[in-house]
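What follows is one structure encoded as structure tokens, with my remarks underneath.
Numbered from 1 within each chain, the chains take letters A, B, ... in sequence-line order. Worth knowing before you read on, the calculation uses all heavy atoms, side chains too, and leaves out hydrogens, waters and symmetry mates.
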Amino acid sequence: MKGLAFAMASTAFLLASPARASKSCVETSDVVGEQRCSRYGDGWSSERSLPLTLEFGLVRTTFGLGGRDFSAKFGKNGPEAYRFDGGTFASEARTYGFSLRATGFLSPFVYLGFEQSFGFGHTEGGSFQAGQYAVSTASGLNTVAAVFGVPFGLRLPLGKLSLRGEVFGGLTILGLTQEANAARASATWVGGAVETRGYLDLWLANDTTFSVMVGQDLLGRNDRRLGLVLTYHGRAYDGRYGF
Amino acid sequence: MRTAILAFCLLTGCGYRAYRPDVRPFPGGQRTLGCLDVGVLPERRGDRLFLDVRVGNTCSKPQAFSIQALRVVDGEGHAVSLLDPRGELQLVHVDPETEGRAVVALDRPTPTRLCVDVRDVALDAPAAVVTPLCFEDRGLGFVVTP
């Protein structure tokens, strides 16, 4: 769960940064050459705008559980009590949550960024035996998921629409709570994530897009992702409207 | 959707900067040069004189804009220069469907009549006959004169 804590802390940092930046300088003049916080062309010229984006998404993720080796323990810092394959009790777990990410455009067609997402869900499953523990999931499992990593993508500008394809590489943390011998246990799986994703973007304004995203993992775990994403763009149309 | 955008912008600190000429026309005089709408208005603040320059790109591609190509003359035909103490007034490209603004100090505070020729500022615009914009200070600020 340390990964979860790290991811949440970095989310708080991401959210706090713009507010902190806006308070760091107080403008005293609007006259060119006398401004303290900005320069001529800031915010409206290609030369003085940053090709960065900030995204907020609502994401539904389905994690295939088979082949994922969970480690379970009792209490926060207890030793490992038992291990089990996630496919023992259910084939998949679905979570609903949000994603945050920042990207930078290396050109109007290529971008690189950092992303983190969190999901929460409830999975129904059967009971099973893990070593000396009778694990019950009959009342369902609370599922927590955190994914963070680096997206690298290509963008095809088509006027008011854009198509994007990207590869995402990072880390997935899956947490499950369950009952073992009538005591509450938490099980965690941590592993790599490699996904391919597609986006369809609609420009709502020159600096704002609304996107539909679909993703599929490339590691054979049958993870699937569907999202709705709102994005603020630091450079109008990411520098290119069409061909 | 506007509410969602507003909430997102409040969260991220972004500014909505799309150029909407039909919603917010520029104050003062204005000329259209290809994709660029260029507006100017002299403004007196105390004993200093400024030129409020606005530019809006109506197209979906960046447009070259050279503010140094503005030609300002007083009522007697003498050139008035834009003050640029930090050398910022370089050629820039106005982002698509975006509005920009610059307030520039003028080197002479006394003129009560000014004419501003904007015809050379839009480098991507086709050549066209553009008449200068003239203003006169009648005590309540500068107003456009024919």
Got a second to check how far [X]'s [atom1] is from [Y]'s [atom2], nearest 0.5 Å?
X: A/Leu228; Y: A/Leu226; atom1: CG; atom2: CG; value: 6.5 Å
X: A/Phe148; Y: A/Thr172; atom1: CZ; atom2: OG1; value: 9.0 Å
X: A/Phe63; Y: A/Leu176; atom1: CZ; atom2: CG; value: 10.5 Å
X: A/Phe120; Y: A/Tyr96; atom1: CZ; atom2: OH; value: 14.5 Å
X: B/Arg31; Y: B/Leu36; atom1: CZ; atom2: CG; value: 15.0 Å
X: A/Thr62; Y: A/Asp223; atom1: OG1; atom2: CG; value: 8.5 Å

Would you call [X] and [Y] a salt bridge, taking side-chain N to carboxylate O under 4.0 Å as the test?
X: B/Glu99; Y: B/Arg101; answer: no
X: A/Glu34; Y: B/Arg45; answer: no
X: B/Arg108; Y: B/Glu76; answer: no
X: A/Glu115; Y: A/Arg225; answer: yes
X: A/Arg164; Y: A/Asp238; answer: no

Just wondering, are more than 12 heavy atoms of other shown residues or ligands nearer than 6.0 Å to CZ in B/Arg119?
no

Heavy-atom pairs under 4.5 Å with chain B - which of A/Ser46, A/Gly159, A/Gly239 has more of them than the others?
A/Ser46

Please examine the side chains of A/Pro151 and A/Phe168, heavy atoms only from C-beta on, and report whether any two atoms are closer than 4.5 Å.
yes

Could you list which of [range] have a heavy atom closer than 4.5 Å to any heavy atom of chain A, in residue-number order?
range: residues 51-59 of chain B; result: B/Val55
range: residues 77-86 of chain B; result: B/Asp84, B/Pro85, B/Arg86
range: residues 60-75 of chain B; result: B/Ser60, B/Pro62, B/Phe65, B/Ile67
range: residues 124-146 of chain B; result: none

Between A/Arg224 and A/Asn222 (side chain of the first, backbone of the second, donor and acceptor by atom type, cut-off under 3.5 Å), is there such a pair?
yes

Do side-chain atoms of A/Arg235 reach the backbone of A/Ser49 as a donor and acceptor pair under 3.5 angstrom?
yes

In terms of the angle between their ring planes, are A/Trp203 and A/Tyr237 parallel, tilted or perpendicular, with boundaries placed at 30° and 60°?
perpendicular

Between A/Asp207 and A/His233: side-chain donor-acceptor atoms closer than 3.5 Å:
no

